Q: 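Pasting in a structure now, in structure tokens, and then I'll have a few things to ask.
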Protein chains: 2
Amino acid sequence: MEILNIGEAAQASGVSAKMIRHYEAIGLLPRAQRSNANYRIYGPQDVHNLRFIHRARSLGFRLEDIRELLALWRNRQRSSAQVKKLALAHVAELEEKIAAMQEMAEALKHLAQHCHGDDRPDCPILEQLAD
Amino acid sequence: MEILNIGEAAQASGVSAKMIRHYEAIGLLPRAQRSNANYRIYGPQDVHNLRFIHRARSLGFRLEDIRELLALWRNRQRSSAQVKKLALAHVAELEEKIAAMQEMAEALKHLAQHCHGDDRPDCPILEQLAD
DNA sequence: CTTGACCTTCCCATGATGGGAAGGAACATA
DNA sequence: TATGTTCCTTCCCATCATGGGAAGGTCAAG
């Protein structure tokens with residue numbers, strides 16, 4: 001298990017083969033080495049990169065953020081402040097979206113509570129939408 | 001203010017002119033009446049429909065859900081149970097997304113708390129991503 | 001009659017992901 | 001070795017809601 005093709009690298013990293021090709025296409029990953037038959041081949045370091053991306057995605061980072069995170073990761077001269085700033089900006093975005101969705105959910109739950117949910121047509125949910 | 005062109009209807013409803021055309025194109029709205037010059041023209045009922053859509057979007061409903069909500073709204077034979085079901089399904093989706101984003105935010109905040117955020121390169125955020 | 005603000009249609013972009021086609025390559029088993 | 005299965009390659013298209021912008025027609029006010 002030293003040299004992997006794209007399917008094996010996908011298995012090993014949790015990133016789909018489709019996405020590995022995509023990340024390469026947009027320059028998030030360097031162009032992979034190729035076998036004689038033009039298959040992409042991946043070594044341990046490549047898989048490490050892929051895992052990094054996978055974890056960052058699972059924390060909700062956008063690909064452009066991940067591009068920066070990868071650069072910081074590779075750069076031994078980075079300051080932890082740069083990383084922290086990126087992370088906290090992302091947290092702020094998440095919290096903004098969470099708050100917006102919570103407002104929606106609360107409003108809808110409130111309306112639904114007052115909806116009989118039976119055979120009759122009267123419904124405060126529609127009434128609210130129609131105003 | 002009885003007969004409006006698309007820009008005025010947009011103003012009056014909160015839905016952009018661009019989106020009004022789009023909703024018509026995908027059949028969410030009936031084809032608008034046209035003036036001699038082929039301009040779309042909107043009456044009070046059309047604006048009412050647009051406001052309905054605008055409010056539903058602001059509660060996070062997807063357009064396909066709104067298509068159903070509009071049908072229920074128009075249908076005097078509807079049961080409030082149908083509306084409530086749609087609404088609660090949407091609440092469930094929202095809450096699922098909220099929970100996922102909260103997990104991300106919590107994980108990141110935890111990592112950021114342990115990141116010095118100074119000039120030094122050491123950073124638990126990157127360490128976690130690199131594992 | 002010109003000018004500026006509006007309208008029309010049409011095409012393209014976003015962001016991350018996947019589906020699927022057409023054709024070549026690798027490999028396992030009969 | 002022949003054949004079949006599974007993998008790879010590239011390329012195009014779809015999602016979802018929204019907007020940007022071009023090219024050209026229309027309208028109202030000065």
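Note on naming: letters A, B, ... go to the chains in the order of the sequence lines (proteins, then strands), and numbering restarts at 1 for each one. No hydrogens, no waters, no symmetry mates; every other heavy atom, side chains included, goes into these values. Bear in mind that the values here come from a model prediction, so they are computed numbers and not experimental data.
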Q: To the nearest Å, give me how far apart NE2 (A/His90) and C1' (C/dG15) are.
A: 14 Å

Q: Using a cut-off of strictly less than 4.0 Å, decide whether A/Tyr23 has a side-chain nitrogen or oxygen near OP1 or OP2 of C/dT17.
A: yes

Q: B/Ile41 has an atom CD1; how far is it from atom C1' of C/dC6, in whole Å?
A: 16 Å

Q: Ignoring the backbone of A/Ser16, work out which of C/dG18, C/dT8, D/dT9 is nearest its side chain.
A: C/dG18

Q: Quick check: on DNA chain D, is the nucleotide nearest B/Leu63 upstream (toward 5') of the one nearest B/Ala37, or the reverse? Name the residue that is more 5'.
A: B/Leu63

Q: In terms of the nearest nucleotide of DNA chain C, which residue is placed more toward the 5' end: B/Asn38 or A/Arg57?
A: B/Asn38

Q: Taking the nucleotide of DNA chain D with the closest heavy atom to each, which residue, B/Phe61 or B/Asn36, is nearer the 5' end?
A: B/Phe61

Q: Let me know the distance between CD1 of A/Ile6 and C1' of C/dA25, rounded to the nearest Å.
A: 15 Å

Q: Could you check which of D/dT18, C/dC7, C/dG18 has an atom nearest any side-chain atom of A/Lys18?
A: C/dG18

Q: Does a side-chain N or O of B/Arg40 approach OP1 or OP2 of C/dT9 to a distance below 4.0 Å, or not?
A: yes

Q: Expressed as a whole number of angstroms, how long is the span from A/Leu4:CG to C/dA26:C1'?
A: 16 Å

Q: Nearest-Å distance, CD (B/Glu8) to P (C/dA5)?
A: 16 Å

Q: So does A/Arg55 pair up with B/Asp131, basic N to acidic O under 4.0 Å?
A: yes

Q: Using a cut-off of 6.0 Å, state whether more than 12 heavy atoms not belonging to B/Gln102 lie near its atom CD.
A: yes

Q: Can you check the B/Asn5 CG to D/dC27 P distance for me, whole Å?
A: 11 Å

Q: In whole Å, what is the span from the CD1 atom of B/Ile20 to the C1' atom of D/dT18?
A: 14 Å

Q: What does A/Arg62 touch in the nucleic acid at a heavy-atom separation under 4.0 angstrom: a base, only the sugar-phosphate, or nothing?
A: sugar-phosphate

Q: Answer yes when A/Glu68 and A/Lys85 have at least one side-chain N-carboxylate O distance shorter than 4.0 Å, and no when they do not.
A: no

Q: Using a cut-off of 4.0 Å on non-hydrogen atoms, how would the nucleic acid contact of B/Arg21 be classed: base, sugar-phosphate, or nothing?
A: base

Q: Please state how far atom CZ in B/Arg34 lies from atom P in D/dC27, giving the value in whole angstrom units.
A: 14 Å

Q: Hey, are A/Asp118 and A/Arg120 close enough for a salt bridge, meaning a charged N less than 4.0 Å from a carboxylate O?
A: yes

Q: For the pair A/Trp73 and A/His48, name the ring-plane relationship: parallel under 30°, tilted 30 to 60°, perpendicular over 60°.
A: perpendicular

Q: With the side chain of A/His22 defined as its heavy atoms from C-beta on, choose the nearest nucleotide among C/dA25, C/dT9, C/dT17.
A: C/dT17

